[in-house]
**Q** 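First, the structure itself, so that you have it in front of you.
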Amino acid sequence: MPTRDEMWTTMGEDVDVLVIGGGITGAGIARDAARRGLKTLLVEMRDLAFGTSSRSSKLVHGGLRYLEQFEFSLVFEAVSERRILLDIAPHLVNPLGFVFPVYTKSRTSLLKINAGMWLYDGLSLFRSPKRWRQLRPKDIATEEPALNREGFKGAPLYYDCSTDDARLTLENALDAAEAGATIATWAKVVGFEHDDAGRAVAAHIECALTGERKTIRAASIVNATGPWTDETLSMSRATKREMLRPTKGTHIVVDHEKLPVNHAVVCFHPDDGRVLFAIPWGPQTYLGTTDTDYDGDPADVYASAEDVKYIIDAAAEYFPDHPLCADDVLSTWSGLRPLISPSTGGDDDEIDESSVSREHQIIVGSDGLVTIAGGKLTTYRLMAKQVVDTVARLLRLSGQLPESLERAATSRSPLPGAVGWPEDDDHRAVANAILAAGDALFDTDTAELLANTYGMKGIEVAKRVVDEPALAARICPTRPEILAQIDYAIDAELCCTVSDLLKQRTQLYYREPDQALGAVEAVADRMAARLGWSDERRSAEIAAYRDEVEASRRWRASWPPAEASSGA
Ligand code: FAD
């Protein structure tokens with residue numbers, strides 16, 4: 001695998017498909033396109049999954065709420081994709097039980113919810129990760145002891161999946177690279193070039209680390225920039241209107257002992273009835289999300305004090321014996337839902353390619369720019385397939401389609417960490433193999449972390465420790481991550497900044513009690529040594545990471561807020 005700098009340096013000047021945006025959508029498109037044999041370049045202005053794709057609720061789910069709106073085809077589509085992701089990324093997509101408590105004062109009856117559960121399982125053709133069952137009042141004290149029992153009538157326990165959104169994105173990009181794509185991170189599209197007929201034929205790309213610029217000619221250009229969709233469209237000649245009406249969603253992270261949930265708990269906010277989740281996350285629990293309109297810079301989205309209070313208030317209703325306060329909040333994240341504005345429809349000069357789902361739209365501008373907007377993490381693979389089908393059609397029309405295309409087979413081919421994963425999904429067996437590959441030079445919790453993070457590639461991380469035992473040292477004393485992960489991230493995962501490592505390659509920013517501020521110098525030292533950074537670059541990296549943590553804590557300055565933020 002070339003490093004990020006090698007990717008930038010060797011980037012060709014001509015490609016079949018240029019994908020702009022390294023979130024889950026762009027990474028999925030690059031994977032599909034490269035596997036079909038198209039010469040593909042993916043450019044991402046920061047790190048892979050810098051945008052919404054590292055800030056979701058981290059669920060691969062069918063979207064139970066769509067049943068209420070009789071959107072059966074959307075649910076069917078999502079549960080089918082859930083099944084596929086369980087197969088192609090078993091190390092990253094894991095069954096998670098959801099408890100849906102019903103109280104005497106709940107707006108929906110237990111009977112209606114149970115009917116929904118049968119339908120939900122039925123739409124997955126009874127291939128849910130596990131069959132749902134009913135928890136009765138007498139079960140709840142053992143199954144979910146922290147949950148409020150006053151007026152409790154019962155709760156279906158059903159199954160969806162949890163994931164690591166940032167790594168799911170990364171593995172799609174790595175698979176694209178294995179299939180021949182170039183993946184250039186920290187590379188921003190700053191403008192398009194049009195030919196005499198008005199077609200977008202090239203993009204100007206700027207390296208965000210050095211300011212160097214390149215121009216890449218592309219037979220087809222795809223805009224997969226999520227919340228930045230309108231900004232990218234504004235560089236194109238075709239569209240004058242805005243497609244998105246983004247909303248902000250915030251999550252908070254607390255120690256598991258502060259909110260000890262065994263399953264994801266579905267909560268309705270006492271003020272506005274919006275759905276929130278309390279989700280177990282190993283030694284932590286995270287809760288969210290809010291849903292408020294947002295019209296600021298998509299790169300500067302952070303929790304407000306109102307957001308945090310809104311979430312804490314919902315938790316207080318459901319877990320009265322575990323009241324949370326501001327000091328319990330370890331970290332927060334906020335992301336933008338790239339929702340399609342209700343007014344968006346095909347303009348005269350555009351072709352609306354979307355037919356399958358109202359969750360996303362594929363629009364071909366009059367200059368040929370293909371834009372994919374909206375969507376979910378869960379359905380990214382299907383969306384990517386539809387986009388590449390559109391690209392292939394356009395290339396055929398313009399006579400630029402390569403002679404023969406391969407089948408992408410993205411629904412059958414495992415992601416890189418899943419190659420060799422045991423059929424019985426035994427995470428512990430993989431952790432044991434990783435421990436053995438590392439001559440047991442690190443602890444079992446590290447082996448488990450490596451298995452659950454890298455899948456079978458964890459063996460490669462472990463072997464680095466055998467070559468250099470000092471790499472078995474922990475990055476932060478309280479957490480299982482080890483120094484070998486820094487080297488691996490640089491050599492095999494396109495990591496090139498301290499923030500890439502602490503936020504997207506590991507989750508130390510979210511999980512470590514001081515958000516890894518105590519480790520930032522050591523991480524920067526290792527990266528500086530490996531990447532040949534100057535003292536100035538090393539200091540800038542440390543400062544950038546500290547600024548990032550500071551921004552995520554801005555909400556504390558206005559705590560307590562007068563009011564909680566509301567749902568949209
Ligand atoms: P992004 O991930 O934002 O990627 C766009 C990328 O484009 C960014 O990385 C950005 O840096 C890059 N970019 C922008 N401009 C340029 C440029 N000029 N040049 C180069 N690069 C550029 N879905 C689920 O299925 N399950 C969930 O549990 C779930 N929870 C959610 C919770 C919240 C709070 C939110 C906000 C969304 C949630 N979603 C969920 C939806 C899902 O997360 C998003 O649909 C998905 O992540 C969007 O991915 P994307 O690739 O389209 O956008």
Side-chain angles (χ1 to χ4, degrees), residues 18-30 41-63 74 77-78 81-82 85 93 96 160-166 168-169 172-173 183-192 203-208 221-236 244 246-251 264 275-277 279 286 288-292 294 297-299 301 303 307 311 332-340 359-360 371-384 387 504:
L18 167 65
V19 184
I20 312 169
I24 191 71
T25 312
I29 294 167
L41 167 64
L42 170 74
V43 288
E44 161 53 51
M45 67 176 178
R46 302 257 190 119
D47 185 25
L48 294 161
F50 159 73
T52 306
S53 298
S54 59
R55 305 159 194 236
S56 76
S57 300
K58 308 186 191 301
L59 301 176
V60 170
H61 61 155
L74 279 186
E77 189 177 283
E81 287 303 306
R82 183 184 67 188
L85 289 176
V93 178
L96 175 67
D160 262 317
C161 293
S162 62
T163 191
D164 178 338
D165 47 6
L168 190 63
T169 305
N172 272 275
I183 310 290
T185 57
W186 294 87
K188 180 174 182 175
V189 168
V190 290
F192 294 119
H204 303 299
I205 301 169
E206 187 175 281
C207 172
I221 304 180
V222 178
N223 169 13
T225 52
W228 290 264
T229 297
D230 289 333
E231 203 176 303
T232 308
L233 280 171
S234 72
M235 289 189 271
S236 140
L244 296 188
T247 69
K248 179 178 116 174
T250 293
H251 291 82
V275 174
L276 288 96
F277 298 106
I279 301 179
Y286 63 88
T289 165
T290 59
D291 191 358
T292 48
Y294 185 83
D297 177 358
V301 195
D307 295 338
I311 297 169
T332 63
W333 72 81
S334 299
L336 296 183
R337 296 177 186 83
L339 299 179
I340 299 166
E359 282 246 306
H360 69 268
T371 295
I372 165 92
K376 300 205 315 173
L377 190 74
T378 307
T379 48
Y380 82 90
R381 192 204 62 84
L382 190 63
M383 287 158 55
V387 169
Q504 276 86 238

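Numbering of ligands and ligand atoms starts at 1, following listing order. Numbering of residues begins at 1 and proceeds along the displayed sequence.
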**Q** Using the salt bridge (charged side-chain N to carboxylate O under 4.0 Å, His left out) rule, collect all pairs that involve residues 45-55, keeping only residues at least two apart or in two chains.
**A**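 Sorted pair list: Asp47-Arg505.
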**Q** Anything with a heavy atom under 4.0 Å from ligand 1 counts, so go ahead and list those protein residues by chain and number.
**A**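 Lining ligand 1: Ile20, Gly21, Gly22, Gly23, Ile24, Thr25, Val43, Glu44, Met45, Phe50, Gly51, Thr52, Ser53, Arg55, Ser56, Ser57, Lys58, Leu59, His61, Ala187, Lys188, Val189, Ala224, Thr225, Gly226, Pro227, Trp228, Gly249, His251, Thr289, Gly335, Leu336, Arg337, Gly375, Lys376, Leu377, Thr378.
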**Q** Can you name the residues that form a ring-ring contact (aromatic ring centres under 6.0 Å, His included) with Trp186, not counting sequence neighbours?
**A**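 None.
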**Q** For Thr225 and Gly21, indicate whether the former's side chain and the latter's backbone hold a donor-acceptor pair under 3.5 Å.
**A**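 Such a contact is absent between Thr225 side chain and Gly21 backbone.
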**Q** With a 4.5 Å limit on heavy-atom distance, are the side chains of Ile221 and Val189 in contact?
**A**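 Heavy-atom side-chain distance check fails, nothing below 4.5 Å.
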**Q** Determine whether a donor-acceptor pair (N or O, by modelled atom type, separation under 3.5 Å) exists between the side chain of Thr185 and the backbone of Leu48.
**A**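 Checking the backbone N and O of Leu48 against the side chain of Thr185, no donor-acceptor pair under 3.5 Å is found.
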**Q** Residues in ring-ring contact (aromatic ring centres under 6.0 Å, His included) with Tyr286, at least two apart?
**A**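 Result, ring-ring contact (aromatic ring centres under 6.0 Å, His included) vs Tyr286: His251, Trp281, Trp333.
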